Asks: 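My structure is below; once you've seen it, I'll send some questions.
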Amino acid sequence: MADIIKIDENTWRFEDGFVRFFLLEGDEKAAMIDSGMNCPNALEMAKELTDKPVILINTHGDGDHTSGTSGFSRIFIHPSDYVKCEVNARYPETELEEINDGDVIDLGNRPLKIIHIPGHTSGSVAILDVKKRVLIAGDSVQKGHIYMLGAKREPEKYEASLEKLASFDAEYDEIYASHDECILPKDYVDKVKDAWNQVRSGNMPFEIIDLFGNKVRSYTTEYCGFYLEDR
Ligand SMILES: [Zn+2]
């Protein structure tokens with residue numbers, strides 16, 4: 001059961017242990033952005049807060065962001081993650097509603113713009129809450145360690161995705177992250193990009209740690225961290 005914190009009159013965040021997700025209410029409907037790790041009842045929780053119909057939009061398909069999926073008949077998610085992150089296999093009853101770069105989902109006087117940012121996963125998207133001037137960035141921009149290991153990642157595309165987010169920076173004032181601190185300043189995109197470039201250049205020291213039984217490289221920079229395969 002997540003702790004619910006009101007951000008403003010029609011926006012809430014759900015603190016589900018080490019991960020968080022969001023509820024955004026427009027004039028006609030509401031959108032849950034992700035559904036946590038331990039919240040199969042995410043939809044019921046949303047219905048306590050809004051009487052509008054609730055849709056589910058996912059920033060990406062990792063398991064710590066999808067626990068409430070089975071409560072919904074369809075999930076708005078980038079098609080790459082629906083398959084690569086096995087959302088289809090884990091939630092066979094929930095249909096895919098494709099979202100792609102440039103799509104706008106309007107909740108009623110509250111348009112949400114989809115920005116495809118492959119890297120952390122191939123189907124990762126950021127969601128620009130246009131009128132609130134907030135960027136919901138999933139795991140791609142955050143203070144914690146960003147997973148960049150395993151078959152569903154596309155590290156070679158991540159830098160360009162961060163550049164893409166920076167190119168929208170006139171359209172948002174702050175960033176909401178899924179892990180660690182919730183609200184980050186908009187220049188955090190550049191900070192994460194600089195840190196990532198240092199990691200990619202091979203100049204950043206790392207330590208080998210055990211992550212769920214695998215030996216991985218853990219990079220800890222001033223602003224965020226990364227987990228990479230050790231090779
Ligand atoms: Zn995550």
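In this text, all values refer to a predicted model and were calculated from it rather than measured experimentally. Whatever order the structure lists ligands and atoms in, that order sets their numbers, starting from 1.
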Asks: Assert yes or no for the condition that the ring centre distance of F22 to W12 is strictly below 6.0 Å.
Replies: no
Asks: Using 30° and 60° as the class boundaries, would you call the ring planes of H179 and H65 parallel, tilted or perpendicular?
Replies: perpendicular
Asks: So, for F226 and Y219, is the gap between ring centers shorter than 6.0 Å?
Replies: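 No, the ring of F226 stays outside the 6.0 Å limit from the ring of Y219, centre to centre.
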Asks: For the Zn ion (ligand 1), what is the number of protein N, O or S atoms at a distance under 2.8 Å?
Replies: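 Number of qualifying protein atoms: 4.
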Asks: Go through it in stages, so that I can follow the logic: the residues are R217 and E207, the test is salt bridge (Lys or Arg N to Asp or Glu O under 4.0 Å), and I'd like the CA-CA distance, side-chain angles, deciding distance and then a yes or no.
Replies: CA-CA 6 Å; R217 291 184 184 188; E207 52 180 342; over 6 Å; no
Asks: Any donor-acceptor pair under 3.5 Å linking the side chain of K186 with the backbone of D169?
Replies: yes
Asks: Look up atom CG in L135 and atom OH in Y172, then write down how far apart they are to the nearest 0.5 Å.
Replies: 5.0 Å
